[in-house]
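Reckoned from all heavy atoms, side chains included, excluding hydrogens, waters and symmetry mates. Residue numbers begin at 1 in each chain, while the letters A, B, ... track the order of the sequences. Keep in mind the model is a prediction, meaning the values are calculated, not measured.
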Protein chains: 2
Amino acid sequence: MQKVSSIELGKQLGINANSIRKDISYLGEIGNCRAGYSLATLKESLIQNLNINRKRVVCLVGLGRLGSAILKYEQLSQNGFKIAAGFDTNINKIETIQTKVPLYPASEIALVVRRERIELGLLAVPGAAAVETAKRLIDGGIRGIVNFSAVVLRPEKGVFIRNIDLVSELRVISVITGFLDQNS
Amino acid sequence: MQKVSSIELGKQLGINANSIRKDISYLGEIGNCRAGYSLATLKESLIQNLNINRKRVVCLVGLGRLGSAILKYEQLSQNGFKIAAGFDTNINKIETIQTKVPLYPASEIALVVRRERIELGLLAVPGAAAVETAKRLIDGGIRGIVNFSAVVLRPEKGVFIRNIDLVSELRVISVITGFLDQNS
DNA sequence: ATTTGTGAACCAATTCACAGCG
DNA sequence: CGCTGTGAATTGGTTCACAAAT
């Protein structure tokens, strides 16, 4: 039986072992005090408690360079996510891109999201289109959005939003390393 | 003279106005009590205090789909970042990709990073290559890394690392929306 | 002996509340 | 008045320390 200790988990994840234990304990968990956690039991418990026991249906809006990269990103399907639809305003792209994922014009976002019961949206459109596009996703009943555009989307009732912006990330690092330089 | 209040800033950013004021106050700031902050003064103060008054030199490792998308991402140069080098293990890519950015084989990472005084690295390589590539960047004296691979890079002395993983982001949203569904 | 689970202590960050100023 | 700046209160999360379990 495969085992893993909080210390080992912590090392792998770069997290304090105490935190690992505390977090797991919230699941009302049963680790073995002698030999750590049973891998199978822990995994099962996490799957149950975090509700990740089924594939999630996602869609992708924006089929530019970033969108195309995401479309081909195998890690998604390997980790329980299925891209059920792709959208773009450019009809040309919809007709030329080679993929098994069904592609639609952006005008049909709300319709398709509702029909296919799509839960999450990946937003890879230009900043100028982000707010409008998000609105369409929400109209279709989307539950969450990962927004890659430079525009910060404001949280909306019942829709969880995660803004990911490369420039912001770089700025964070710039500022921190700059600060370290000054104080070393 | 353009003015902006903490309330307005907060709305734009989706952040509590109190936090805005407190944060700005740490800069030893002079907002006008009647009419909010002078846009020009605030901007200048932020630039000075956060040390973002010069272009930062970055490099890009991995010229696959994601890397290529980043290479063409104009927002970078528009926000004070200059891609001074691109790297890939595949010599073919280095010779065929059309760009003004100088491209080098991955074997030269440390060399070029040091020579060009590159401060930040964008890591868009497959997970399997992430640790090794990060090591080369660090050997070259890089100060920070934005890691897009699925592998979590552990913090290294003097090198600030930011892990960005699409799958993780999706999982966060999945778990949260799933939780909301159960408790609504 | 190890390693979990957890109360207690600690620390950082957010929010509150309001005095002070134009 | 409206808005800033900031002490005080609160919250949330991390770390500590140790008793319990095997």
Side-chain angles (χ1 to χ4, degrees), chain A residues 1-50 152 154-155 157 160-163 168-169 171-173 175-177 179-180 182-183, chain B residues 1-50 152-155 157 160-163 168-169 171-173 175-177 179-180 183:
Chain A
M1 194 198 232
Q2 284 251 38
K3 297 279 187 177
V4 62
S5 74
S6 57
I7 298 154
E8 201 176 333
L9 280 170
K11 261 195 203 131
Q12 287 287 329
L13 300 168
I15 294 176
N16 186 312
N18 282 304
S19 291
I20 304 268
R21 286 209 302 285
K22 178 144 291 202
D23 286 352
I24 292 178
S25 79
Y26 286 134
L27 309 178
E29 197 38 43
I30 324 99
N32 186 314
C33 289
R34 183 73 185 291
Y37 302 95
S38 147
L39 213 48
T41 311
L42 179 57
K43 185 176 173 190
E44 182 56 27
S45 176
L46 282 169
I47 289 173
Q48 290 309 320
N49 279 281
L50 297 182
V152 176
R154 295 235 246 110
K157 189 166 160 299
F160 195 82
I161 291 178
R162 212 128 161 122
N163 297 298
S168 300
E169 299 294 338
R171 276 204 275 247
V172 169
I173 298 192
V175 170
I176 291 180
T177 60
F179 179 81
L180 291 179
Q182 289 183 319
N183 304 55
Chain B
M1 192 199 234
Q2 284 250 42
K3 297 277 187 178
V4 62
S5 74
S6 56
I7 299 154
E8 200 175 333
L9 281 170
K11 261 194 203 132
Q12 288 286 330
L13 300 169
I15 293 176
N16 186 314
N18 283 304
S19 291
I20 304 268
R21 286 209 303 284
K22 177 143 291 201
D23 287 352
I24 292 178
S25 79
Y26 286 134
L27 310 178
E29 198 38 44
I30 325 99
N32 187 312
C33 290
R34 183 75 185 291
Y37 303 95
S38 147
L39 214 47
T41 312
L42 179 58
K43 185 178 172 189
E44 183 55 25
S45 175
L46 282 169
I47 289 173
Q48 290 310 320
N49 279 282
L50 297 183
V152 177
L153 289 181
R154 295 230 246 114
K157 189 167 160 298
F160 195 81
I161 291 178
R162 211 123 165 127
N163 297 298
S168 299
E169 298 296 336
R171 278 204 273 247
V172 169
I173 299 191
V175 170
I176 292 180
T177 59
F179 179 80
L180 292 178
N183 303 55

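Distance check, rounded to the nearest 0.5 Å: CZ of A/Arg34 to OG of A/Ser5 gives 13.5 Å. To the nearest 0.5 Å, the span separating OG on B/Ser45 from CD1 on B/Ile30 amounts to 6.5 Å. Distance CG/B/Leu9 to OH/B/Tyr37: 8.0 Å, rounded to 0.5 Å. With rounding to the nearest 0.5 Å, the separation of CG in B/Leu50 from CG in B/Leu27 is 6.5 Å. A/Met1 contributes atom CE, which lies 8.5 Å from atom CG of A/Asn32 (distance to the nearest 0.5 angstrom).
A heavy-atom distance below 4.5 Å is not found between the side chains of B/Glu44 and B/Thr41. Considering only heavy atoms from C-beta on, B/Gln2 stays 4.5 Å or farther from B/Ser38 through its side chain. Put simply, the side chain of B/Leu13 reaches to within 4.5 Å of the side chain of B/Ile20, judged on heavy atoms.
Checked by atom type, the side-chain pair B/Gln12/B/Glu8 shows no donor-acceptor distance below 3.5 Å.
Closest approach of A/Leu39 and A/Val4 over heavy atoms only: CD1-CG1, 3.5 Å.
Dashed line: the shortest gap from a side-chain N or O of B/Ser6 to OP1 or OP2 of D/dT4 is under 4.0 Å.
Using a 4.0 Å cutoff on non-hydrogen atoms, the parts of residues 28-35 of chain B near DNA chain C are B/Cys33, B/Arg34, ordered by number. Within residues 8-22 of chain A, the residues that place at least one heavy atom under 4.0 Å from DNA chain D are, in residue-number order, A/Asn16, A/Asn18, A/Ser19, A/Arg21, A/Lys22.
Scanning DNA chain C 5' to 3' for nucleotides with an atom closer than 4.0 angstrom to a non-hydrogen atom of chain A gives a first and last hit of C/dT2 to C/dA8.
Both B/Tyr26 and B/Ile7 sit near DNA chain D, but only B/Ile7 has its closest nucleotide nearer the 5' end.
The distance between atom CG of B/Leu39 and atom P of D/dC3, rounded to the nearest whole Å, is 16 Å.
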